[in-house]
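Small disclaimer: the values here were computed from a predicted structure and weren't measured. Values below: all heavy atoms of this structure, side chains included; hydrogens, waters and symmetry mates excluded. Throughout, protein chains are lettered first and strands after them, A, B, ... in sequence-line order, and every chain is numbered starting at 1.
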Number of protein chains: 2
Amino acid sequence: MPQVSISDAEWQVMNVVWEGQPLTAQEIVAKLAQESEWAPPTIKTMLHRLVKKQVLTYESQGNRYVYRSFVRRSECIRQASRSFLARVFEGDPAPLVAHFLRSSKLSAQEIAELRKILDEQEAQS
Amino acid sequence: MPQVSISDAEWQVMNVVWEGQPLTAQEIVAKLAQESEWAPPTIKTMLHRLVKKQVLTYESQGNRYVYRSFVRRSECIRQASRSFLARVFEGDPAPLVAHFLRSSKLSAQEIAELRKILDEQEAQS
DNA sequence: TGTAAATAGTTACAACTGTAAACGATGTCA
DNA sequence: TGACATCGTTTACAGTTGTAACTATTTACA
């Protein structure tokens with residue numbers, strides 16, 4: 001994996017793509033119109049840059065482009081998470097998790113899920 | 001709080017400052033020399049920018065500058081965490097926490113701590 | 001008290017980001 | 001088949017970031 005670095009705005013675009021791919025440019029524009037104020041050319045520019053960074057690929061169908069992700073979302077999440085952990089929590093995951101647990105409202109079910117993960121982690125140490 | 005935005009490299013500097021403040025420029029340079037390849041002027045530039053962004057303040061003592069943080073670390077952590085959560089996990093904290101739990105090795109004690117936090121969260125819902 | 005050493009300030013510069021206008025190609029309806 | 005609409009491409013531009021050389025100022029020793 002050639003060390004992609006996805007900017008803030010680009011993540012917003014990629015989240016849309018990962019959730020609905022393959023998608024045409026105008027579908028992406030339409031979805032993003034709901035959650036952002038970006039002009040269509042702005043979004044085109046980002047799609048372009050993402051292709052250049054090899055995060056996206058496209059094929060043209062007639063004069064439309066159909067976009068697909070080229071890197072897996074999970075891989076990008078891993079990279080971004082690792083860098084966030086290093087930057088803000090100096091690589092120490094426990095305080096990070098504690099921070100998010102304290103600052104979030106979680107449902108009973110989510111809490112149960114997380115307990116289960118903790119159990120698993122404990123079991124395999 | 002005037003919405004500070006601290007870059008990646010700047011976080012590295014700030015982590016040093018928060019942990020040892022007040023610190024002189026050369027103390028900061030010395031600490032960072034161990035963990036980075038930055039030339040001293042590079043670090044000076046970052047200190048400058050952080051002062052301009054009102055993340056740091058300094059007083060000059062003779063020809064030395066003594067730096068202190070102007071914003072609390074916890075506040076910066078809160079902001080960075082919120083933005084990371086929104087960007088990468090679309091604002092949904094449970095998958096974020098699950099991700100970090102799964103990808104980290106935690107000690108038995110840390111696991112116990114986290115369980116306690118989960119209990120508290122459950123209690124107050 | 002002048003000059004070297006130390007320290008901080010100024011300037012620089014290319015890459016990346018956010019944002020979008022202007023331009024050109026393609027397809028479609030009359 | 002020509003004019004308009006649609007879509008993609010190119011160009012633009014200011015702000016931020018990473019990185020650091022160069023310059024000016026202060027201090028302290030000789």
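Spacing between atom CD1 of A:Ile43 and atom C1' of D:dG8 amounts to 14 Å, rounded to whole angstrom units. In this entry the distance linking CG of A:Leu47 with P of D:dC7 reads 14 Å, nearest Å. The interatomic distance linking B:Leu50 (CG) with D:dT19 (P) rounds to 14 Å, in whole Å. Regarding A:His48, its NE2 atom lies at a distance of 7 Å from the C1' atom of D:dG8, rounded to whole Å.
Ring geometry for A:Phe89 against A:Phe84 counts as perpendicular: the plane angle is over 60°, on a 0 to 90° scale with 30° as the lower cut. The aromatic rings of A:Tyr65 and A:Tyr58 sit parallel to each other, their planes meeting at less than 30°, with 60° as the upper class boundary.
Remark: the backbone N or O of B:Pro41 is paired with a side-chain donor or acceptor of B:Thr45 at under 3.5 angstrom. The backbone N or O of A:Ser69 lies less than 3.5 Å from a partner atom in the side chain of A:Gln21, making a donor-acceptor pair. Here the side chain of A:Ser36 pairs a donor or acceptor atom with the backbone of A:Leu32 at under 3.5 angstrom.
Nearest-nucleotide assignment on DNA chain C puts the 5′-proximal partner with B:Lys44, out of B:Arg49 and B:Lys44.
For the OP1/OP2 pair of D:dA20 and a distance below 4.0 Å, the side-chain nitrogens and oxygens of B:Thr42 include at least one atom meeting the criterion. Regarding contacts with the backbone of D:dT19, every side-chain N or O of B:Thr45 stays at 4.0 angstrom or more from both OP1 and OP2. The shortest distance between the side-chain N/O atoms of B:Ser5 and the OP1/OP2 oxygens of D:dT17 is below 4.0 Å. Between D:dG8 and A:Tyr58, no contact under 4.0 Å exists linking OP1 or OP2 to a side-chain N or O.
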Evaluate the criterion side-chain contact (heavy atoms from CB on, under 4.5 Å) for residue pair A:Ser81 and B:His99; output intermediate values, then yes/no. CA-CA 9 Å; A:Ser81 296; B:His99 173 85; 3.5 Å; yes

side-chain hydrogen bond (donor to acceptor under 3.5 Å, both in side chains) between B:Gln121 and A:Arg102, worked out: CA-CA 7 Å; B:Gln121 288 306 95; A:Arg102 288 219 180 79; over 6 Å; no

Go through the steps for A:Lys31 and A:Glu19 under the test side-chain contact (heavy atoms from CB on, under 4.5 Å), then give the verdict. CA-CA 11 Å; A:Lys31 296 229 173 154; A:Glu19 270 151 44; over 6 Å; no

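A heavy atom closer than 4.0 Å to some atom of DNA chain D occurs in B:Ala9, these being the qualifying members of residues 9-17 of chain B. Contacts of residues 21-30 of chain A with DNA chain C (heavy atom under 4.0 Å): none.
Within the helix from C:dT1-D:dA30 to C:dA30-D:dT1, the inter-axis angle between the opening and closing five-pair segments is 20°, rounded to 10°.
For B:Val71 against B:Trp18, the heavy-atom pair with the smallest separation is O-NE1, 3.2 Å.
Atom CD of A:Glu59 sits in a crowded spot, with more than 12 heavy atoms from other residues, nucleotides or ligands closer than 6.0 Å. Around CD of A:Gln109, the count of heavy atoms belonging to other residues, nucleotides or ligands within 6.0 Å does not exceed 12.
The residues B:Glu110 and B:Arg115 are annotated as not salt-bridged, no charged nitrogen and carboxylate oxygen being separated by less than 4.0 angstrom. Salt bridge annotation for A:Arg73-B:Glu90: present, with a cationic side-chain nitrogen under 4.0 angstrom from a carboxylate oxygen.
Follow the hydrophobic side-chain contacts under 4.5 Å out from B:Val51 and you reach B:Trp38 in the same cluster.
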Scan the side chains in residues 6-14 of chain B for donor-acceptor partners under 3.5 Å anywhere in the protein, sequence neighbours excluded, and list what turns up.
{"unit_1": "B:Ser7", "atom_1": "OG", "unit_2": "B:Glu10", "atom_2": "N", "d": "3.3"}
{"unit_1": "B:Glu10", "atom_1": "OE1", "unit_2": "B:Ser7", "atom_2": "N", "d": "2.8"}
{"unit_1": "B:Glu10", "atom_1": "OE1", "unit_2": "B:Lys53", "atom_2": "NZ", "d": "2.7"}
{"unit_1": "B:Glu10", "atom_1": "OE2", "unit_2": "B:Lys53", "atom_2": "NZ", "d": "3.3"}

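Taking a heavy-atom distance under 4.0 Å as the criterion, the stretch of DNA chain C touched by chain A extends 5' to 3' from C:dT17 to C:dG27.
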Sort me out a list of protein N/O and nucleotides 22-27 of chain D N/O pairs below 3.5 Å, or just none if empty.
{"unit_1": "D:dT27", "atom_1": "OP1", "unit_2": "B:Asn63", "atom_2": "N", "d": "3.3"}

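Considering B:Val16, B:Thr24, B:Leu23, B:Ile28 as possible partners of B:Tyr67, the one that fulfils the side-chain contact (heavy atoms from CB on, under 4.5 Å) test is B:Ile28.
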